[in-house]
Every structure is written in structure tokens, then in C-alpha cells.
Number of protein chains: 2
Amino acid sequence: MSEFAATVIRVLPQRRHELILRTLRAEGPAGVQVLAERLGVSQATIRRDLVQLDKEGRLTRVYGGAVSAADTDDPFAEVAMVRVDEKDALAERAAELIKDGEAILLDIGTTAHRLARKLHGRSLTVITSNLMVYEELKDDQEVQIVLLGGVLRRTYHSLVGFLTEDNLRQVHADRVFLGTSGVRPGGQVMDTTAVEVPLKRAMITAADQVVLLADVGKFPGTGIARVCGPEDLDVVITNAPADETTCAALRQAEVEVIEV
Amino acid sequence: MSEFAATVIRVLPQRRHELILRTLRAEGPAGVQVLAERLGVSQATIRRDLVQLDKEGRLTRVYGGAVSAADTDDPFAEVAMVRVDEKDALAERAAELIKDGEAILLDIGTTAHRLARKLHGRSLTVITSNLMVYEELKDDQEVQIVLLGGVLRRTYHSLVGFLTEDNLRQVHADRVFLGTSGVRPGGQVMDTTAVEVPLKRAMITAADQVVLLADVGKFPGTGIARVCGPEDLDVVITNAPADETTCAALRQAEVEVIEV
DNA sequence: GGCAGATTGCGCAAAATCGTGCGCGCCTTG
DNA sequence: CAAGGCGCGCACGATTTTGCGCAATCTGCC
């Protein structure tokens with residue numbers, strides 16, 4: 001603790017914010033008083049810092065101090081709120097593609113979760129490593145659920161890793177429904193989390209038909225890793241008005257583009 | 001456990017709520033008085049906390065205290081009530097066998113679930129296809145969870161099938177903890193559900209040490225399918241007084257028998 | 001059905017915490 | 001070198017939380 005107290009000279013606000021966040025992540029909830037002593041500034045300053053960091057969404061303010069943003073209720077609660085209407089419409093349309101008795105693969109992410117919500121009471125086999133989908137359908141007697149193994153990633157409510165890939169090589173589905181972080185103008189499907197890319201590829205291989213769900217905000221969009229090209233897709237469901245350049249590239253690759 | 005009692009100084013409300021929930025998940029129902037003493041606040045404060053947490057659906061308020069929300073609507077709640085004390089004692093003893101940092105395999109069934117309840121806050125890797133174990137530990141940051149894939153069997157809260165077996169061939173654990181429907185006098189481990197037998201065998205293969213948890217009602221006992229013989233076991237944990245014939249057979253096969 | 005003991009909800013006062021205005025010192029800018 | 005901007009500490013009223021006492025309610029038992 002004296003490693004901080006020794007820093008009496010001068011601490012940039014930026015640096016101080018980093019230290020606050022690090023403390024929170026390392027030791028969980030921390031009080032204003034503790035932080036003030038540790039960083040050698042007044043409680044008023046800490047309060048101002050906390051207000052600002054809270055506004056930036058980097059932590060969550062609580063009475064008496066603050067907690068790490070990750071520590072609060074799942075980050076999906078907020079993420080799931082943006083573009084809800086669009087995603088719901090997409091999900092509705094996607095559900096119509098599915099015939100009773102089929103086996104479908106559902107991707108990781110909130111998009112697939114939205115789709116799962118439309119599947120209650122349907123007679124289907126759902127294969128997924130998406131734990132939100134599992135939670136959604138686990139009490140639904142009609143739906144057979146196949147959960148793919150893997151290492152639990154709590155922040156993403158999913159299972160990933162080589163076990164998941166192994167399982168995917170052993171199963172086959174009529175359709176796979178994929179989400180994405182963005183589709184580039186040429187029709188390349190991108191993602192931001194590298195660990196999911198091999199999984200998405202394995203899902204594409206395991207399914208007869210590949211359906212991509214991408215709301216209009218993803219057109220055009222980007223990500224750090226390429227998942228697949230337009231030639232791997234069969235259907236893309238998006239909102240109107242979709243980006244014309246991207247749509248053209250997709251149609252060129254004989255992808256059916258559905259605008260809802 | 002004294003980790004709580006030591007916290008007499010000052011605790012953020014947020015932190016206190018976390019501790020209450022963790023206590024409930026780890027030790028089941030808790031009284032207002034106990035919680036108040038343990039957290040160093042008045043009973044009135046605990047009551048207010050419980051009311052709030054109940055309103056948020058994070059626990060269920062009962063007269064005299066509270067129980068974990070997951071514990072209430074579980075159809076296994078009844079099954080889990082029989083021989084609770086015995087199974088708890090067994091689980092407690094089994095948890096002592098585990099060292100921090102280890103990777104352990106947990107069987108399907110309520111026995112393994114009881115053990116999982118003793119693992120909150122431990123630094124471990126838990127591998128399982130037992131969904132009760134997953135529910136129990138999914139919010140515990142310390143525990144890494146590896147879920148084995150498979151077809152959801154709702155009535156047993158578990159995943160089974162060839163996917164599970166495939167995954168088991170790809171993993172290795174320091175110890176596996178098995179439950180059973182009964183142990184025959186000769187030391188043969190039995191089970192009633194045939195579909196689980198290949199899984200239990202695969203788990204035995206995947207672990208360095210095999211630990212069987214069997215309360216005294218299982219000695220001697222029976223089942224329709226044989227899982228393994230005494231030569232596959234390393235440790236058996238049971239209640240005193242255990243059946244002497246069976247114990248002798250186990251010791252003959254160099255199995256360590258722990259009576260609690 | 002009634003009784004003793006425990007538990008609960010509620011009002012109120014004390015304590016802790018919060019937000020804010022003000023002044024001071026440091027750095028930037030012209 | 002002077003003016004202005006900015007971050008920081010201090011102090012004070014407002015808000016929230018906490019602890020305690022008491023009447024109403026509930027549970028277990030005879």
C-alpha cells in the first residue's frame with residue numbers, strides 16, 4: 001500500500017484513474033476513504049473521479065465507493081438493450097425459416113439469444129454453446145437441446161475452446177444462424193473476438209445452410225478477424241435500408257438477402 | 001469461514017450483498033442473526049438487505065432468514081433433502097481432498113452438486129456435465145468451469161451422449177468424484193441409469209485419482225448396470241458405520257476407505 | 001384453540017456519505 | 001510577465017444508510 005502513498009509528488013488524473021480501476025479489478029469493491037488514502041488525494045477528488053469513470057461506464061458507483069463494471073450484473077443486460085427492436089424483427093424473420101423437426105445451430109451472442117426467444121414451443125433440436133440460449137430454452141419441453149462443451153467464458157455467457165470445436169466436428173445441423181460484429185463492403189464477415197472465429201467456421205462447416213443475422217448497423221462494419229467470405233453464406237437477414245454496395249457483393253455471390 | 005468474521009471494520013453495502021449471496025449459495029439457508037454477526041452489522045440492516053435482494057430476485061426471503069434463489073424452485077430440492085446431513089458431511093470431507101489449483105471432474109447427480117457447494121471461492125478448474133454444478137458455480141469468479149458437451153437430459157439436469165464421451169477423451173483431471181446408486185458387497189460400483197455408465201467409465205479414465213462418494217445407504221446396494229470394480233477406485237468416502245464386508249473387499253483392493 | 005418465544009415491519013435519531021461552492025496553486029497561452 | 005484554465009482540497013448542507021425500540025405477526029408446541 002505504501003507503494004502508492006510514496007507517490008506524493010504528482011499523479012496525473014489519467015494515471016490515477018488507471019490505478020482506481022486496477023484496484024477495483026484486483027480487489028473488488030473499494031471505499032472512497034480507502035482510495036483517497038491510497039492515492040494520496042482528498043475524498044472529494046476521489047468522488048469526482050468516480051463520478052466521471054461511472055459516466056464513462058468504466059466502473060459502477062455504489063454508496064460508499066465503487067465496484068468494477070465487470071462485477072456488476074452481466075454486461076449483456078445493457079448490450080442486449082441496444083437495437084432491441086431491430087434484432088427482434090430479424091429474429092422473427094429468421095424463425096420463419098426454420099421448419100419443425102429441424103436441427104439448428106445457434107451462434108454465440110445476443111443475436112442468437114433473440115432468435116432463441118422466438119423458438120419456444122417449437123419442435124426442434126437446438127445445438128449451441130450459447131448459455132443464454134440454454135437458459136432461455138432449458139424449461140421448454142418441446143425443444144431438444146444439445147450443448148457443446150467448452151471452457152466457460154463468463155462475460156460472454158458462452159463456452160469456447162477446443163472441446164467446442166471437437167464437438168462441432170461430430171454434429172450436423174440443417175441450418176446455422178450466425179451473428180457478427182460487422183460485414184465489410186465486399187461481403188466479408190468479421191468478428192471482434194478472435195477466440196470465436198474458429199468456432200464460427202466450424203459451425204459453418206457443420207451446417208447445410210448458413211444464415212447470417214446482421215442489423216443495419218453492421219452494414220458496412222468491421223472487426224479484427226475475418227470469419228468467412230460471402231461464398232460461405234446462403235442467406236443474410238438484415239434491416240432495410242441495407243447498404244447497397246454490400247448487398248450487391250452478396251447477391252453477386254448468390255446469397256439471398258432478406259430485408260425486413 | 002473466518003474470512004467473514006474478520007471483516008469487522010467496514011463493508012460497502014454492495015460488498016455485503018455479495019457476501020450474503022455467497023454464504024447462501026455455499027451453505028444454504030442462513031438466519032438473520034447469523035448473517036448479522038458474521039458481517040458485523042445489526043439485524044435490522046440484514047433484514048433491509050434481504051428485502052432488497054429478494055425484490056431483485058437474487059434470493060428468496062423466508063421466515064427467519066433467506067435461501068438462495070436457485071434453491072427454491074428446484075425439482076431436485078426434495079431429492080436433495082433426503083440424507084442431506086450425511087451427504088453434506090461426505091462433501092465436506094471430499095472438498096478437503098482437493099488442493100488449490102487442481103482440476104477436478106464432477107459426476108452427474110446430487111452428490112456431486114453437494115460437493116460443488118463446498119467449492120465456492122476455491123481456486124480450481126471444475127470439469128463436469130452436471131448442470132446443477134454449473135448453476136452453482138457459474139457466478140463464482142474463482143472457479144474455472146469446463147462444461148462437457150452433450151444432449152440435455154432435463155430430468156437429471158445433465159448432459160449425456162457421445163459428445164460428452166468425446167470431450168472426456170480430450171481432457172484430464174487430477175481427481176474425479178463419483179456418485180453411485182449402490183456398491184455391492186464385493187466392491188462393484190453400480191448405477192441405475194445405463195446411459196451414464198460409459199460416461200462414468202470415461203471419467204475414471206480421464207482422472208489420476210478416483211474418489212467415490214457413497215453414503216451409508218448405498219452399502220451394500222445395487223443397480224442394473226456395473227460401472228467399475230474396486231480395482232478402479234482410489235478413495236471411497238462414506239459414513240460410519242460402513243458395511244464391514246464391503247469395506248474389507250475395498251481394502252483388499254488397496255482402496256482407501258474414509259469414514260466420516 | 002391458546003400461549004410463549006421468535007421474527008418482522010416501522011418510526012426516529014445518529015452516523016456516514018454525497019454533492020457542491022469557493023479559494024488556492026500550477027500550468028498553459030499570448 | 002500577466003491572464004485564464006484547470007485540478008485539487010476544504011467546508012457545509014442534503015441525502016442515504018444504519019442502529020435501536022416497540023407493537024403486530026408468525027411459528028412451534030401443548
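Heavy-atom basis, side chains included; hydrogens, waters and symmetry copies ignored. Letters A, B, ... mirror the listed sequences (proteins, then strands); counts begin at 1. Bear in mind that the values here come from a model prediction, so they are computed numbers and not experimental data.
Atoms CZ (A:Arg16) and P (D:dG7) sit 10 Å apart, rounded to a whole Å. For A:Ile46 and D:dG7, the CD1 to C1' distance is 13 Å, given to the nearest whole Å. Following rounding to the nearest Å, A:Asp54 (CG) and C:dG19 (C1') show an atom-to-atom distance of 14 Å. In this entry the distance linking CZ of B:Arg15 with P of D:dT18 reads 16 Å, nearest Å. Put simply, CD on A:Gln33 is 10 Å from P on C:dA16, counting in whole angstrom units. Atom-to-atom, CG of B:Asp49 to C1' of D:dG19 comes out at 13 Å; the value is rounded to the nearest Å. We find that CG of A:Leu50 is positioned 16 Å from C1' of D:dG7, with the value rounded to whole Å. To the nearest angstrom, P of D:dC6 lies 16 Å from CD of A:Gln14.
B:Glu96 and B:Arg93 are joined by a salt bridge, as a carboxylate oxygen and a charged side-chain nitrogen come within less than 4.0 angstrom of each other. Using a 4.0 Å cut-off between charged nitrogen and carboxylate oxygen, B:Arg58 and B:Glu18 count as a salt-bridge pair.
In this structure, A:Gly31 reaches neither bases nor backbone, as no heavy-atom distance under 4.0 Å exists between it and the strands shown.
Residue B:Ser42 places no side-chain N or O under 4.0 Å from the OP1 or OP2 atom of D:dT18. A sub-4.0 Å separation between OP1 or OP2 of C:dG19 and a side-chain N or O of A:Arg61 is present.
Applying the 3.5 Å distance criterion, the base of D:dT17 shares no donor-acceptor pair with the side chain of A:Tyr63. Below the 3.5 angstrom threshold, one finds no donor paired with an acceptor across the side chain of B:Arg48 and the base of C:dG9.
Comparing C:dT8, D:dT18, C:dG19 by their closest approach to the side chain of B:Arg47 singles out C:dT8.
Without hydrogens or angle criteria, A:Arg153 side chain to A:His157 main chain gives no donor-acceptor distance under 3.5 Å. Panel note: side chain B:Asn130, backbone B:Asp107; a donor-acceptor pair is recorded below 3.5 Å.
Legend: residues meeting side chain to side chain contact (heavy atoms under 4.5 Å, CB included) with B:Gln33, ordered by chain and number and at least two apart, are B:Glu37, B:Gln43.
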